[in-house]
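For reference, the structure discussed in these notes is given below.
If you're wondering where the values come from, they're calculated on a predicted model, not measured in any experiment.
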Amino acid sequence: MPSTPQIRPQHVNSKAVTRRTVLKAGATLLLSVLAPVRAYAAQILAVRVWPAEDYTRVTLENDAALKATHFIVKDPERMVVDIEGLELNPTLKSLVAKIQSNDPYIKQVRVGQNRPNVVRLVFDLKEEITPQVFTLAPAGNYKHRLIFDLYPVKPVDPIAAMIEKGDWSGDGKTPPSSAAATGSAPKGDMPPLKPAEAEALANAPQTPPDASKPDPRAELRNELKTAEAQTRASEKTDKNGKLIRMLTVVLDPGHGGEDPGASGKNGSREKDIVLAIAKRLKTKIEEFPNMRVMLTRDADYFVPLGTRVDKARKVQADLFVSIHADAFVQSTARGSSVFVLSEKGASSSAARWLADKENLADTIGGVNVKNHDRQLASVLLDLSTTAQINDSLKLGKSVLGEIGGINRLHKGSVEQAGFAVLKAPDIPSILIETAFISNPEEEAKLLDDGYQNQLADAIVKGIRHYFAKNPPLAKNRLT
C-alpha cells in the first residue's frame, strides 16, 4: 500500500510575505475607493407651513444641506420642486396634511419619489405667484432648512389693506371699497384728474408704447393715485364736515413664524403673547375716532426687520410701537422696559445685549439673502435724525410712566440701543419689553387676560399723552 505523501514544512521568507500582504492591502484599498458608494440620503426632520396674506412659507428642516430646483407650470398654475439627495419618508409625506383650506396661495401639494435620490413636490396654486426658494444654514434651535416663499405677483399694498380693514369713510359707517382705497376705479368711471396730476402727466415723457418696458405715464399716474390714497387714509371729516387729522399707529408684534422669540418655563412663546397683546391694543386705540392702527403682522408668520420698518413708512405712520416679552438666563430677572434707538452706543450693556439678540430675528426667522437689501439698515441709520430720536424719547417716557403703574419697571428710565426695527428715520419709534417671559410670575401675568388689558390701557394712555403734548404736523396734499 503506497504511503501517503508527506508535506514537508518549507522555509518561509518573512520579507516576501510582508511584501505580498502590503500589496494585497493596497489593492483592496484601491478597489474600495474606486467602487461606487451609495449616496447618503438626507433625512427630513420637520415640515412647517406658515400661510399669510403677505406670503406663504413652506419649510423643510433636515439634517444636511439640500439642493433643489424649481419651475412654474401654467394652466393650471403649479410650482414643481425637485430635491436631490432625498428619499421619501413619513415626515415629508405629512406635508400634504399641513396645507390648510384657507391658505391664500396653495390649493394642495403632492409629494412623490420622482427617481432614485430625488423627491418631487408639486404645489397646486390658487393664483399666479412669484416664488423664492433658498436654503438656510443651522441657526438657533434649527438645523439646515430649505425654504419656499410663495409671494403674490402683485404684493399686498399696506395702505389699501389698512383702509379696507378699517373704517375710513367720512360718515364713519361705510368703509371704502378696495378700488377706492388703491385709487383705482372701474373702467368707464375714472375720476377726473386734479390740477397737480394733470400737470405732472402733461409733462411726462411722450414715448411710444413698448410692451417690453413699463409705461412712464402709467407709472406716474399710479404714484399719484397712491399718494392720494395715503392722504385719504390720514384724513377724515366729522359730523360738521370739519377735516380731522387721522393718527396712524403701527403696532409691531415681534418675531413670528419660524422665529418663536423667547419662551417661558411653562411652554409659552413670545410670538404668541405679543400678537395677542397687539390685537388687544389695536382694538383699544381704534375706539378713538381719530386714531387708526396697522399691524406689521396679524397672524403667525415671519416678517423681516427691514420689512416691518418699510410697512410703517408706506402708510406714513405717526408712531411705531414694537412689542416684545424678554427672557434672561436667570429666571429672577423681571420688570418692564422701553427702548428707543441710539445714534451712538447703547445706554447700558444690558440694552446692547438685548438689541443684539433682537437683531438676530432675521437669522432665526430666515431671510433670503439674495433678495435682502443689505444696505437698508445702514441707510436708515444714516438717515435717522436727532429730532426723531428726541421724539421717540418723549414717547418712550410717556409710555414707560404709564406701564410703571401696573408693573415693576426693570429700569426707571428709557434705554437706548441699536435696534434694527427702530430705524425709521421719520417716525417716532419705541420698543416695549412688556415683562420677562423667563420669570414664572411674569409669564403668568403675560398669559392673563386681565394683565394684558391693563397693559394695553397703559400703552394707550401713554400714546394719548404724547400726542396731546406733541401734535403731529398735517400731511401734505397733492393740490
Side-chain angles (χ1 to χ4, degrees), residues 54 155 157-159 162 223 226-227 229-231 233-234 245-254 278 291-297 303-324 338-347 351-352 354-356 358-362 367 371-400 414-433 459 462-463 466-467 469-478:
D54 286 22
D157 182 351
I159 298 173
M162 185 174 63
E223 289 176 5
T226 299
Q230 290 174 328
T231 303
S234 66
R245 167 72 159 85
M246 295 297 295
L247 303 176
T248 303
V249 178
V250 170
L251 300 179
D252 174 49
M291 300 183 75
R292 288 297 179 264
V293 173
M294 184 194 80
L295 297 175
T296 57
R297 69 176 181 94
V303 182
L305 297 175
T307 303
R308 296 169 189 260
V309 177
D310 189 50
K311 283 186 171 187
R313 300 193 75 201
K314 282 183 176 177
V315 299
Q316 297 184 344
D318 296 293
L319 293 183
F320 180 91
V321 180
S322 192
I323 303 171
H324 293 257
V338 175
F339 297 84
V340 303
L341 186 65
S342 171
E343 278 187 302
K344 299 177 181 178
S347 57
R352 184 185 304 108
L354 181 62
D356 290 342
E358 296 294 0
N359 290 345
L360 286 174
D362 281 354
V367 171
N371 288 39
H372 190 48
D373 187 358
R374 292 176 175 273
Q375 297 179 343
L376 178 62
S378 61
V379 169
L380 290 177
L381 181 59
D382 292 340
L383 290 174
S384 294
T385 64
T386 303
Q388 183 262 10
I389 292 178
N390 286 340
D391 285 339
S392 299
L393 284 167
K394 293 175 185 176
L395 171 63
K397 185 178 179 180
S398 181
V399 171
L400 186 67
V414 176
E415 294 205 68
Q416 293 182 256
F419 291 90
V421 79
L422 300 181
K423 292 181 179 178
D426 46 1
I427 306 171
S429 305
I430 62 173
L431 184 145
I432 302 173
E433 291 288 355
I459 296 172
I463 291 174
Y466 167 78
F467 276 135
K469 294 181 180 180
N470 305 274
L473 298 174
K475 295 181 180 177
N476 295 328
R477 294 190 65 88
L478 285 173

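Side-chain atoms of Asp318 do not come within 3.5 Å of backbone N or O of Met291 as any donor-acceptor pair. With Gln388 contributing its side chain and Ala424 its backbone, the two residues share a donor-acceptor pair below 3.5 Å.
For the atom pair Leu305 CG and Leu360 CG, the distance stands at 9.5 Å (nearest 0.5 Å). Taken from CD in Glu433 to OG in Ser322, the straight-line distance is 8.5 Å, to the nearest 0.5 Å. Interatomic distance, Thr248 OG1 to Phe320 CZ, rounded to the nearest 0.5 Å: 14.0 Å. One finds the CG atom of Asn359 at 9.0 Å from the CG atom of Leu354 (value rounded to the nearest 0.5 Å). Atom OG1 of Thr307 sits about 8.5 Å away from atom CG of Asp54, to the nearest 0.5 Å.
Put simply, the side chain of Pro425 reaches to within 4.5 Å of the side chain of Arg313, judged on heavy atoms. Looking only at side-chain heavy atoms (C-beta outward), His324 and Glu358 come within less than 4.5 Å of each other. Using a 4.5 Å heavy-atom threshold, the side chains of Ile463 and Ser398 count as separate.
Of all heavy-atom pairs between Val250 and Ala317, the closest is CG2-CB, 3.4 Å. Scanning all heavy atoms of the two residues, the minimum distance from Leu247 to Pro472 falls at CD2-CG, 3.2 Å. The minimum heavy-atom distance linking Phe419 with Ala351 is given by the pair CZ-O, 4.4 Å. Here the closest heavy-atom approach between residue Pro253 and residue Thr296 is recorded as CD-OG1, 3.5 Å. Between Val321 and Ile432 the shortest heavy-atom distance is CG1-CD1, 3.7 Å. Shortest non-hydrogen contact noted between Ser392 and Ile427 is OG-O, 4.4 Å.
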Query raised in the report: Step by step, would you call Tyr466 with Asp391 a side chain to side chain contact (heavy atoms under 4.5 Å, CB included)?
Result: CA-CA 9 Å; Tyr466 167 78; Asp391 285 339; 3.6 Å; yes

Query raised in the report: Between Leu393 and Gln416, does a side chain to side chain contact (heavy atoms under 4.5 Å, CB included) hold up when you go through it step by step?
Result: CA-CA 9 Å; Leu393 284 167; Gln416 293 182 256; 4.1 Å; yes

Requested in this report: Give the intermediate values and the outcome of side chain to side chain contact (heavy atoms under 4.5 Å, CB included) for residues Lys423 and Ser429.
Outcome: CA-CA 8 Å; Lys423 292 181 179 178; Ser429 305; over 6 Å; no

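Checking each of Arg308, Arg297, Lys311 against Asp252 for a salt bridge (charged side-chain N to carboxylate O under 4.0 Å, His left out) leaves exactly one that passes, namely Arg308.
For Arg352, there are no salt bridge (charged side-chain N to carboxylate O under 4.0 Å, His left out) partners, not counting sequence neighbours.
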